[in-house]
There are 2 protein chains.
Amino acid sequence: MKTKERILEVALRQFNELGTDQATVRSIAEEAGISHGNLCYHFKNTDALIEALYDRLTEEIDEQAIRMQHTDNELKDVIRQAEITFHLLYKYRFLLLDFVRIIRRIDSIRQKFRTLMQLRRQQFHRAFHNLIAKGLMREEWIPGQYNHLITNLLILGDNWIPNAEIHFDEKGEKVIKYYLEAFIGGLAPYLTETGVREYYRLITES
Amino acid sequence: MKTKERILEVALRQFNELGTDQATVRSIAEEAGISHGNLCYHFKNTDALIEALYDRLTEEIDEQAIRMQHTDNELKDVIRQAEITFHLLYKYRFLLLDFVRIIRRIDSIRQKFRTLMQLRRQQFHRAFHNLIAKGLMREEWIPGQYNHLITNLLILGDNWIPNAEIHFDEKGEKVIKYYLEAFIGGLAPYLTETGVREYYRLITES
DNA sequence: TTTCAATTAGTACAAGTGTTCTAAATTATT
DNA sequence: AATAATTTAGAACACTTGTACTAATTGAAA
């Protein structure tokens with residue numbers, strides 16, 4: 001099964017660098033050093049490749065979510081969680097760069113993604129709840145504000161990569177850090193004084 | 001010049017509904033009731049159509065920005081500004097739905113867009129400055145937080161439409177309102193007590 | 001070793017796309 | 001009314017893409 005692995009590797013690279021429209025069955029096969037007929041034997045078309053890679057992403061996210069269940073949900077854990085997720089999304093960034101088109105075309109991904117997002121919203125609610133209980137985050141003082149906050153954070157989480165593609169020429173770690181800071185910084189105003197002190201401590205040490 | 005107008009109308013509709021990849025020179029020409037040869041006489045290809053429509057959007061945004069200079073920058077003006085911008089973006093939503101691909105392909109749009117974004121960042125800074133001076137918005141109490149806030153608001157402003165496409169089946173006014181509320185709600189925690197009172201007054205009356 | 005299934009390369013085809021070109025038709029100008 | 005410029009339709013071309021198919025090769029099981 002080494003061929004299949006190599007195909008997915010090359011596909012991921014080409015999707016990320018060229019976009020899902022420029023990377024074709026032929027270009028991927030060529031770089032993988034096989035015939036495109038062979039590639040189509042393993043994956044019927046590029047959509048099948050996209051779906052396979054999407055499944056890999058969700059697998060990796062799931063694994064990480066399970067690992068995170070055993071932390072005590074301090075502020076540092078929340079930040080760490082965001083950090084890992086950002087890196088994961090960056091690894092599969094072609095998905096986010098092209099998500100609308102992919103979703104419009106591949107219905108199975110659409111459905112999987114919707115359930116994933118509901119899960120993420122719940123995770124946020126739970127995390128906030130924990131932080132409030134620990135006295136790190138303020139109680140909601142404007143009705144509905146945490147719902148709005150979560151909406152904004154989810155949009156940031158899904159769209160910082162397209163945003164980076166549009167605004168920056170740099171790539172990689174530098175970009176990830178920039179948006180990660182914006183993400184965490186967006187949380188800061190909702191923290192208690194204790195929370196802010198902790199926030200300072202964490203961002204200065206990294 | 002009626003043909004040109006009709007072409008752009010149909011193109012906008014097809015781009016919004018089908019996406020820039022499904023709408024072709026031929027499909028647009030057909031709906032406009034002309035030959036595709038004729039369409040190519042007026043606009044060399046779909047990229048030229050996209051560019052023309054992008055220019056229209058920036059024109060409309062500019063007009064509105066000028067109109068807004070004569071307001072006194074109360075909270076209600078800031079909200080009104082956001083509302084109009086959201087509606088404008090929705091009118092040309094295909095641009096935001098496909099922005100990465102468009103930017104990658106059409107360099108002139110890339111450059112125009114970057115300067116536009118710098119402008120928008122400045123507008124936010126100015127608006128915040130005004131609100132602070134009026135005692136409606138708090139002074140920055142965590143270093144850099146307003147820069148992060150603006151980053152987040154800009155990302156929300158550019159990506160609520162793709163987000164809606166992914167998460168909702170509804171379209172139109174309902175969607176606009178949902179994200180507009182998230183946008184304004186994201187501002188609320190940064191307001192002073194007076195600001196929050198004003199915020200309540202404004203959101204309950206609409 | 002033989003046999004059968006899985007894998008691979010290469011070819012061929014159909015559909016769709018942007019692009020160009022020519023000739024006709026329309027409109028405006030003198 | 002005559003002439004020139006603009007606009008339009010339609011055909012033709014080159015290119016790419018996904019898809020299917022065939023034949024050859026490989027590898028494992030009997």
Side-chain angles (χ1 to χ4, degrees), chain A residues 1-55 94-95 97-98 100-110, chain B residues 1-55 94-95 97-98 100-110:
Chain A
M1 291 298 142
K2 219 174 163 195
T3 310
K4 230 167 175 166
E5 200 50 41
R6 193 148 33 97
I7 291 171
L8 285 174
E9 239 172 64
V10 173
L12 180 60
R13 206 193 61 72
Q14 287 205 8
F15 284 153
N16 278 338
E17 287 187 21
L18 309 174
T20 51
D21 55 337
Q22 294 299 319
T24 66
V25 178
R26 281 175 170 81
S27 71
I28 294 167
E30 190 187 23
E31 190 183 324
I34 59 170
S35 69
H36 76 276
N38 189 11
L39 195 154
C40 289
Y41 169 76
H42 291 285
F43 301 94
K44 205 180 173 190
N45 47 34
T46 46
D47 282 0
L49 282 168
I50 292 170
E51 216 175 326
L53 288 169
Y54 180 82
D55 287 339
F94 81 93
L95 284 167
L97 285 172
D98 226 3
V100 173
R101 213 179 282 237
I102 291 172
I103 287 259
R104 278 182 170 175
R105 209 175 42 214
I106 310 174
D107 200 63
S108 61
I109 290 187
R110 182 190 196 94
Chain B
M1 291 300 142
K2 219 172 164 196
T3 310
K4 235 168 171 163
E5 199 51 42
R6 194 149 31 97
I7 292 171
L8 285 174
E9 240 172 63
V10 174
L12 179 61
R13 206 194 61 72
Q14 288 205 9
F15 284 152
N16 279 338
E17 286 187 21
L18 309 173
T20 51
D21 55 337
Q22 295 298 320
T24 66
V25 177
R26 281 175 170 81
S27 71
I28 294 166
E30 190 187 24
E31 190 183 324
I34 59 171
S35 68
H36 74 276
N38 188 12
L39 194 154
C40 290
Y41 169 77
H42 291 286
F43 301 94
K44 206 180 170 191
N45 47 34
T46 45
D47 281 0
L49 283 168
I50 292 170
E51 216 177 325
L53 288 169
Y54 180 81
D55 287 339
F94 79 94
L95 284 168
L97 285 172
D98 226 3
V100 174
R101 212 179 282 239
I102 290 172
I103 286 260
R104 277 182 171 177
R105 209 174 43 215
I106 311 175
D107 200 64
S108 61
I109 289 187
R110 184 188 194 95

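Remember, predicted model here, so these are calculated numbers, not experimental data.
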Choosing from C:dT17, C:dA9, D:dT19, which nucleotide comes nearest the side chain of A:S35? C:dA9
In this structure, how many angstroms lie between the P atom of C:dA9 and the CD atom of A:E30, rounded? 13 Å
Can you check the B:L39 CG to D:dG10 C1' distance for me, whole Å? 14 Å
Considering only C:dT17, C:dT7, D:dG18, which nucleotide approaches the side chain of B:T24 most closely? C:dT17
Could you state the NZ-P distance from B:K44 to C:dT19, rounded to the nearest angstrom? 6 Å
CD1 of B:I102 to CZ of B:F94, rounded to nearest 0.5 Å, is 5.5 Å
Could you tell me the separation between the NE2 atom of A:H42 and the CD1 atom of A:I7, rounded to the nearest 0.5 Å? 5.0 Å
Closest of C:dT7, C:dT19, D:dT7 to the A:H42 side chain is C:dT7
Whole-Å distance, A:L49 CG to D:dG18 C1', equals 13 Å
What integer distance in Å separates B:I106:CD1 from C:dG18:P? 13 Å
Does C:dT19 have its OP1 or OP2 closer than 4.0 Å to a side-chain nitrogen or oxygen of B:N45? yes
Mapping A:R26 and A:G33 onto DNA chain C by nearest heavy atom, which one lands closer to the 5' end? A:G33
Please report the distance, rounded to the nearest Å, between CZ in B:F43 and P in D:dT8. 12 Å
Out of D:dG18, C:dG18, C:dA9, which has the shortest distance to the side chain of A:N38? C:dA9
For a quick test of reading the model: is some side-chain N or O of A:T3 closer than 4.0 Å to OP1 or OP2 of C:dT8? yes
Base C:dT17 to side chain B:H36, donor-acceptor N/O within 3.5 Å cut-off: no
To the nearest Å, how far apart are A:Y41 OH and C:dT7 P? 4 Å
Taking every non-hydrogen atom, the tightest pair across B:T24 and B:D21: CG2-O, 4.3 Å
Just wondering, are more than 12 heavy atoms of other shown residues or ligands nearer than 6.0 Å to CD in A:E17? yes
All heavy atoms of A:A23 vs all of A:L18, minimum pair found to be N-CB, 4.4 Å
Round to the nearest Å and state the distance from B:R105 atom CZ to C:dT17 atom P. 14 Å
